[in-house]
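See structure below.
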Amino acid sequence: QVQFVESGGGLVQPGGSLRLSCAASGFTLDYYAIGWFRQAPGKEREGVSCVSHSDGSTYYSDSVKGRFTISRDNAKNTVYLQMNSLKPEDTAVYYCAANTMRSRCMSGGQLYLHEYNYWGQGTQVTVSS
C-alpha cells in the first residue's frame, strides 16, 4: 500500500515555530517530486512548497517565502516542512503529496493539484494566542 503519514501539527502562538514531517511507506519518496499543501475551512487547497526530483530545486509560495523551509531525508524516506514566524493566517490542515507526472514539482510558478496523486491524511496546524 502507498501511504503518506503527516505529523508534527498542533497549536502554536503567533511568531512561533513548528516542524511538520511526512513519512512515506509503500514507495520510495526519493523517486518523486514532493509538495506541501494546505487547506483552511471554506477555502481551496493551495500549494505551499515543493522540492523537485530532477535537481532538488525548491519552490515557496509568496505567502510563506522566507518563513518556511522544505527539506528531504532520503535515508528516512521523509520530507519535512520547517515553519517559522507563524501567523494566524497559516492556520490550516497541511498535506504532503507526491507528483507522479513530472520531475519538477511545479510549472508556471504553481503547484497543480491534479499532478499530485499520492496524498497523506493531513495534520492540523493552529496559530492562535
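Counting begins at 1 with the first residue of the sequence. Remember, predicted model here, so these are calculated numbers, not experimental data.
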key: Under 3.5 Å: donor-acceptor pair, side chain of S129, backbone of Q13   = no
inquiry  = Please report the interatomic distance CG(N77) to CZ(R72), rounded to the nearest 0.5 Å.
reply    = 9.5 Å
message = Show, in sequence, the C-alpha distance, side-chain angles and deciding distance for F37 and L113, and conclude whether the side chain to side chain contact (heavy atoms under 4.5 Å, CB included) test is met.
response = CA-CA 9 Å; F37 299 78; L113 289 171; 3.6 Å; yes
request  = Answer yes or no: is there a donor N or O on one side and an acceptor on the other, between the side chain of E6 and the main chain of Q121, under 3.5 Å?
outcome  = yes
inquiry  = The criterion is side chain to side chain donor-acceptor pair (under 3.5 Å); which residues satisfy it with Q110, sequence neighbours excluded?
reply    = none
task = Drop me the distance from T100's OG1 to Y118's OH, to the nearest 0.5 angstrom.
result = 6.5 Å
ask   = Where do T78 and L29 land on the side chain to side chain contact (heavy atoms under 4.5 Å, CB included) test, with the steps shown first?
value = CA-CA 7 Å; T78 301; L29 187 148; 5.7 Å; no
message = Check this for me: Q124, atom CD, are more than 12 non-hydrogen atoms of other residues, nucleotides or ligands nearer than 6.0 Å?
response = yes
request  = Report, as yes or no, whether the 6.0 Å neighbourhood of atom CD on E89 holds more than 12 heavy atoms from other residues, nucleotides or ligands.
outcome  = yes
task = Please assess F4 against F27 for the test ring pair (Phe, Tyr, Trp, His ring centres under 6.0 Å), listing each intermediate value before the final yes or no.
result = CA-CA 10 Å; F4 268 137; F27 70 102; 5.1 Å; yes
query = Measuring from E115:CD to M101:CE, what's the distance to the nearest 0.5 Å?
reply = 5.5 Å
query = Within 45° of the axis and under 6.0 Å from the centre of the six-membered ring of Y95, does NZ or CZ of R38 qualify?
reply = no
key: V127 side chain near P14 side chain, heavy-atom distance below 4.5 Å   = yes
key: Check against side chain to side chain contact (heavy atoms under 4.5 Å, CB included), C22 and Y80   = CA-CA 6 Å; C22 178; Y80 304 94; over 6 Å; no
Test side chain to side chain contact (heavy atoms under 4.5 Å, CB included) applied to V125 and L20, D90, L81, V93, the passing residue = L20
request  = Mind running side chain to side chain donor-acceptor pair (under 3.5 Å) on S52 and S54 for me, showing each step along the way?
outcome  = CA-CA 6 Å; S52 296; S54 58; 4.9 Å; no
query = Between Y60 and T69, is any pair of side-chain heavy atoms under 4.5 Å apart?
reply = yes
remark   = Those residues at least two apart in sequence (or on a different chain) that pass salt bridge (Lys or Arg N to Asp or Glu O under 4.0 Å) with D55 are none
task = I would like to know whether W36 and F68 meet ring pair (Phe, Tyr, Trp, His ring centres under 6.0 Å); could you show each step before the answer?
result = CA-CA 11 Å; W36 281 98; F68 291 10; 9.8 Å; no
query = side chain to side chain donor-acceptor pair (under 3.5 Å) with R19: which residues, sequence neighbours excluded?
reply = none
ask   = Given the rule in the side chain to side chain contact (heavy atoms under 4.5 Å, CB included) test, do H53 and Y32 qualify, once you have shown the distances and angles that lead to the verdict?
value = CA-CA 5 Å; H53 165 68; Y32 301 91; 5.7 Å; no
message = Tell me whether K65 is salt-bridged to D62, with the criterion being a basic N under 4.0 Å from an acidic carboxylate O.
response = yes
ask   = Going hydrophobic residue to hydrophobic residue with side-chain gaps under 4.5 angstrom, can you get from M106 over to V79?
value = no
